[in-house]
Amino acid sequence: MFNMLRMDLRRLLRSRGFKVVLLVTAALILMVSLMIAIVSNPETLDDMGAQGAEIDEIDRRMSEEIRSMTQLDLAHETLGGGFLLVIVGIGVTLFVHGDFSSGFIKNTCCAQPRRITYVLSKALAAGVYSGIILLLGALLILLSPYLFGMRPVPSPIPDILQYLFWMWLPHWAFGLMALSLVLLTRSTTGGIILSLVAGGGLTAVLLGTLCGLLRWPPVERYLLASVVKGIYVPQSGVTGTGALLACTAVWAAVYGAGSLLAMEKRDI
């Protein structure tokens, strides 16, 4: 299994698609940082108001709140909405589907007939993939504001490392969701669509609305997008680690079992 994992990681790091995902992630975060810097600059707001733009008290209050944010506040405002979940889901979908589109899966399964070995290798590769994407995104959103003249309040390094670890777990589980869909459908369409819908929080919103109408318990809070959003809340700190671990473990087990069943029930 470890030989297959080394092969997967080598293919991943050398693949053009992975490099494109990294570039897109970096470009989007830099653009977001630039927009935040523009909005948080009171002189820019004054110039916009002088040119006829409607700048009210709410805009100025928001600008002041951004300037008072810590690094972790700013990072979670950018990453906590599910942006990196979408990137991870799409990236894992494209990476795993490459085995089927190129026919490489046949050689792999001939050399290693045990399907569980293939699934475990891909699951671990998804963990590495999500870790790299999350690390890149976090580093850029923590450091790029300084490029645009912002000075967020520094956060303690242990708090940043803790935040990254707890963020990585649900992102890894989300990558396993993409893995299971690719193995089930042998297509990129389902994985990409669900990554956009679920990672962006639309699934949680729709489920929350349904639960409210039917007076059900708020089960939407246990979806991975909701878990990511609630990991760090400036007013109350980091959410319960027990709930986070439980949600991540359950979804990872569900998607892992689904991946294994999809591989066992279909011929390669």
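Since the model is a prediction, treat every value here as computed from it, not as a measurement. Numbers here are sequence positions counted from 1. Side chains are part of it too, since the values below use all heavy atoms of this structure and drop only hydrogens, waters and symmetry mates.
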[X] with [Y], same ILVMFWY side-chain cluster at under 4.5 Å:
X    : Y    : value
V24  : L85  : yes
L179 : I193 : no
V197 : L206 : yes
L9   : V20  : yes
L135 : L161 : no

Measuring from [X]:[atom1] to [Y]:[atom2], what's the distance to the nearest 0.5 Å?
X    : Y    : atom1 : atom2 : answer
L79  : I141 : CG    : CD1   : 6.0 Å
L147 : L30  : CG    : CG    : 7.5 Å
L5   : L120 : CG    : CG    : 10.0 Å
L28  : T78  : CG    : OG1   : 11.5 Å
D8   : L13  : CG    : CG    : 10.5 Å
K229 : L223 : NZ    : CG    : 12.5 Å

Do [X] and [Y] come within less than 4.5 Å of each other through their side chains, counting heavy atoms only?
X    : Y    : result
S187 : F100 : no
P218 : C211 : no
H171 : V228 : yes
V32  : F83  : no
P170 : I231 : yes
T188 : V182 : no
V254 : L176 : no
F165 : Q162 : no

If you compare all heavy atoms of [X] against all heavy atoms of [Y], which two are closest, and at what distance to 0.1 Å?
X    : Y    : answer
V86  : G200 : CG2-N, 3.8 Å
F174 : L224 : N-CD1, 3.6 Å
Y222 : C247 : CD2-SG, 3.6 Å
G89  : A178 : O-CB, 3.4 Å
A198 : A225 : O-CB, 3.3 Å
A125 : F95  : CB-CE2, 4.3 Å

Exercise. Under 4.0 Å between a Lys/Arg side-chain N and an Asp/Glu carboxylate O for R11 and D99?
Worked result: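 Salt bridge present between R11 and D99.
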Looking at [Y], is its backbone amide N or carbonyl O close enough to the side chain of [X] to form a donor-acceptor pair, meaning the two atoms are under 3.5 Å apart?
X    : Y    : answer
R186 : L183 : yes
W166 : L245 : no
S40  : I66  : no
Q71  : S155 : yes
D73  : T70  : yes
S130 : A126 : yes
S121 : T117 : no

Exercise. Aromatic rings Y255 and W251: how do their planes relate, parallel, tilted or perpendicular, breaks at 30° and 60°?
Worked result: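 Answer is parallel, since the angle falls under 30°.
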Exercise. Under 30°, 30 to 60°, or over 60°: which ring-plane class applies to Y163 and H76, parallel, tilted or perpendicular?
Worked result: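 Y163 and H76: perpendicular rings.
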Exercise. Taking atom types as modelled and ignoring hydrogens, do the side chains of S33 and S144 form a donor-acceptor contact shorter than 3.5 angstrom?
Worked result: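 Side chains of S33 and S144: pair found under 3.5 Å.
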Exercise. Would the number of heavy atoms belonging to other residues, nucleotides or ligands and lying under 6.0 Å from CG of L213 be above 12?
Worked result: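 More than 12 within 6.0 Å, yes.
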Problem set entry | Atom CZ of F148: over 12 foreign heavy atoms under 6.0 Å |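 It does: F148 CZ has more than 12 such atoms within range.
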For this session: Carefully, step by step, assess L94 and I192 under the rule side-chain contact (heavy atoms from CB on, under 4.5 Å).
Result: CA-CA 9 Å; L94 296 176; I192 291 176; 4.3 Å; yes
For this session: Applying side chain to side chain contact (heavy atoms under 4.5 Å, CB included) between V88 and each of V21, I133, I132, report the one that passes.
Result: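 By the side chain to side chain contact (heavy atoms under 4.5 Å, CB included) criterion, V88 pairs with just one of V21, I133, I132: I133.
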